[in-house]
Amino acid sequence: MFLKEMDKAKPVHMIGIGGISMSGIAEILLSMGYTVTGSDSHLSEITERLEKNNIKVYNGQRAENVIGAGIVVYTAAIKPDNPELSKARELNIPTIERSEFLGELTKLYSETIAVSGTHGKSTTTSMISLIFMEALKDPTIQVGADLKQLNGTNYRIGNSPYFIVEACEYVESFLKFSPKTAIILNIEEDHLDYYRDINHIKSAFYKFAELVPEDGKIIINADNQNCNEIVEKMKSKVITFGIENEKANWTARNIHLNANGHYSFTATSDSLSIDITLSVFGMHNVYNALAAVATASLYNIEPFIIQKALADFTGAHRRFEYTGTFNNAQVYDDYAHHPTEIKATIEAAKNLPHNKLWIIFQPHTYSRTSTLFDEFANAFKETDEVILADIYAAREIDTGVVSSQKLALAINEISNNCTYLGSFDKIKDYLKENVKENDLVLTVGAGDVYKIGKDLVL
């Protein structure tokens, strides 16, 4: 609870402030009356927004940037020899990693609702947030993607006990949180640059669930075997949701596609049935919406409010987001960067009218591409054309173990539909020459692949 003791006259300095989570935390702190500064190795639209809101952002990281700070917050990607982090420790300025700091924020709220899972966190956090806003519960929100309903940002400052927050499992960050309600959407292999194996991952999610107090609730996917394996050990009350498991507390019935390619269904529990019509694509969003319905019902939100909020939700930024058209073809962008997510995105795309389906994929991190190589190679069977960009390194260094060229060869051994082009310029030139009227083009990945679509539709 050190936040209450911090001197608001001394800046909170944030290393890596341009990240989606760090920027949201910065804005929340600013609204609470703290002075905030930050630095980032790359300026962006996010850092420009922070500057407009009177948050000083330094381009690059230099030791002098932290002088005078009351505390320094840094992301997990920041190395111990970072000049700002090293200087802060030399000056005995308190330092704290981002997830631990966000965890301290969750302690300020008696009803923190933390959304976790390998896939679907940002979308489900967004769905729950909009339901609570529609119900006039005035929540504070921190989500891992921008929302138009949050004025194009990823945060909201409320004046209530409710804090709805996305809880990331990377390096066990979510174990710093203090959730009253914990949502676990699914558990699969990912972040194997940190986790040893799936058992290590399941152990982390179990520890996350154990953070919930006895009077709290855990909402978990009954169709996911890894989720089921950790449920048996839990002490807190568990609420389950699912489509295939008929014993789930919340199930989806009468699932069907409407003319817009969106799913409608009836969310059903022992005591309640709610007809839901979504405005986002894909069966995976039926699961996300079920988790949101279960959460909202737990907090006694009226069914008509849940219906309206979910019908109004058209998606978070970079979640099957419409980009525009070129060559009379539709262009969308999606953040999918795990094989399961890619398959779900392709399945959703198939429900849209099109001639040929193009997937422009930029793998995200060498470690993920390497450890899930076979899964990636099998993820594109239902696609007409796959174009591979070079791997987006993010926090990693290329060791030469894996490459997009190698992945393209593996994809072609299975589905023979992949072309490696590498650079964005080559990809754009190729698409301009080959994409035809009524084709459907998706840029896919957690890096900056979205720029290809933006450039094409200009």
Side-chain angles (χ1 to χ4, degrees), residues 1-6 8 12 21 24-34 71 73 96-117 121-122 124-144 147 149-150 153-169 172-185 205-220 234-239 241 249 291-302 305-306 309:
M1 301 297 286
F2 70 87
L3 278 168
K4 294 180 178 179
E5 301 168 2
M6 284 172 48
K8 292 187 177 182
V12 177
S21 178
I25 294 171
E27 299 272 22
I28 290 172
L29 289 171
L30 187 70
S31 71
M32 295 169 66
Y34 293 95
I71 189 170
V73 185
I96 184 171
E97 196 270 327
R98 177 205 64 85
S99 62
E100 187 174 351
F101 191 86
L102 183 55
E104 289 294 322
L105 277 177
T106 67
K107 294 177 183 178
L108 299 178
Y109 298 85
S110 60
E111 293 288 346
T112 291
I113 300 169
V115 183
S116 73
K121 293 184 290 293
S122 294
T124 307
T125 305
S126 302
M127 287 177 169
I128 295 169
S129 296
L130 295 192
I131 293 170
F132 273 64
M133 288 168 61
E134 185 71 26
L136 304 179
K137 289 189 177 291
D138 196 20
T140 296
I141 297 164
Q142 165 83 355
V143 62
L147 284 176
Q149 290 91 344
L150 301 182
T153 70
N154 68 315
Y155 72 95
R156 181 184 189 274
I157 313 301
N159 187 27
S160 76
Y162 302 105
F163 184 21
I164 303 168
V165 60
E166 183 171 330
C168 181
E169 76 277 15
E172 298 180 304
S173 294
F174 58 179
L175 298 187
K176 307 293 194 306
F177 290 16
S178 295
K180 184 67 173 292
T181 299
I183 296 143
I184 303 178
L185 299 168
F205 276 95
Y206 174 71
K207 291 176 184 176
F208 172 66
E210 284 288 282
L211 296 174
V212 175
E214 289 188 6
D215 62 340
K217 299 292 188 295
I218 299 163
I219 297 171
I220 194 165
M234 294 179 184
K235 298 175 184 177
S236 302
K237 179 172 175 57
V238 175
I239 298 170
F241 66 92
N249 300 120
V293 170
T295 305
S297 298
L298 175 63
Y299 285 89
N300 298 314
I301 295 177
E302 294 287 345
I305 293 176
I306 298 172

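Contact of the Phe241 side chain with the Leu185 side chain is registered, since non-hydrogen atoms from C-beta on lie closer than 4.5 Å. Under the 4.5 Å side-chain criterion, counting only non-hydrogen atoms from C-beta, Arg156 is not in contact with Ser129. Within the 4.5 Å cutoff, the side chain of Ile219 has heavy atoms near those of the Leu298 side chain. The shortest side-chain heavy-atom distance between Ile141 and Leu147 does not fall under the 4.5 Å cut-off. Between Thr140 and Met32, the closest side-chain pair of non-hydrogen atoms is not below 4.5 Å. Using a 4.5 Å cut-off on side-chain heavy atoms (C-beta onward), Asp215 and Lys180 make contact. Contact of the Met133 side chain with the Leu150 side chain is registered, since non-hydrogen atoms from C-beta on lie closer than 4.5 Å. Between Phe101 and Leu29 the shortest side-chain heavy-atom distance falls below 4.5 Å.
Side chains of Glu111 and Thr181: no donor on one and acceptor on the other come within 3.5 Å.
The ring-ring contact (aromatic ring centres under 6.0 Å, His included) search around Tyr299 returns Phe132, Tyr162, not counting sequence neighbours. Judged as a ring-ring contact (aromatic ring centres under 6.0 Å, His included), and not counting sequence neighbours, the contacts of Phe208 are Phe174.
For the atom pair CG of Leu30 and CD1 of Ile25, the computed distance is 13.5 Å after rounding to the nearest 0.5 Å. Considering OG1 of Thr295 and CD1 of Ile239, their distance stands at 8.0 Å, rounded to 0.5 Å. Here NZ of Lys176 is found 10.5 Å from CG of Leu211. Values are rounded to the nearest 0.5 Å. A distance of 9.0 Å separates CG of Leu130 from CD1 of Ile164, quoted to the nearest 0.5 Å. Here the CD1-CD1 distance, from Ile131 to Ile306, works out to 5.5 Å after rounding to the nearest 0.5 Å. Between the CG atom in Leu102 and the SG atom in Cys168 there is a gap of 10.5 Å [rounded to 0.5 Å].
Nearest approach of Val73 to Glu97, heavy atoms of both residues: CG1-C, 4.4 Å. In terms of heavy-atom proximity, Ser99 sits nearest to Ser173 at CB-CB, 3.4 Å. Across all their heavy atoms, Ser126 and Val143 have their closest contact at OG-CG2, 3.6 Å. Taking each heavy atom of Phe177 and Ala114 in turn, the nearest pair found is CD2-CB, 4.3 Å. In plain terms, the two heavy atoms of Phe205 and Gly117 that are nearest each other are CE2-N, 3.7 Å. When all heavy atoms of Val165 and Thr125 are compared, the closest pair comes out as C-CG2, 4.1 Å.
At distances below 3.5 Å, at least one donor-acceptor pair connects side-chain atoms of Ser160 with backbone N or O atoms of Lys137. Under a 3.5 Å cut-off, the side chain of Gln142 and the backbone N or O of Ser21 do form a donor-acceptor pair. Side-chain atoms of Glu166 come within 3.5 Å of backbone N or O of Gly144 as a donor-acceptor pair. Between the side chain of Asp138 and the backbone N or O of Gly158, no donor-acceptor pair lies under 3.5 Å. Side chain of Thr106 to main chain of Gly103: a donor-acceptor pair is present (N/O by atom type, distance under 3.5 Å, no hydrogens or angles).
Of the charged side-chain nitrogens involved, at least one lies within less than 4.0 Å of a carboxylate oxygen, so that Lys107 and Glu104 count as a salt-bridged pair.
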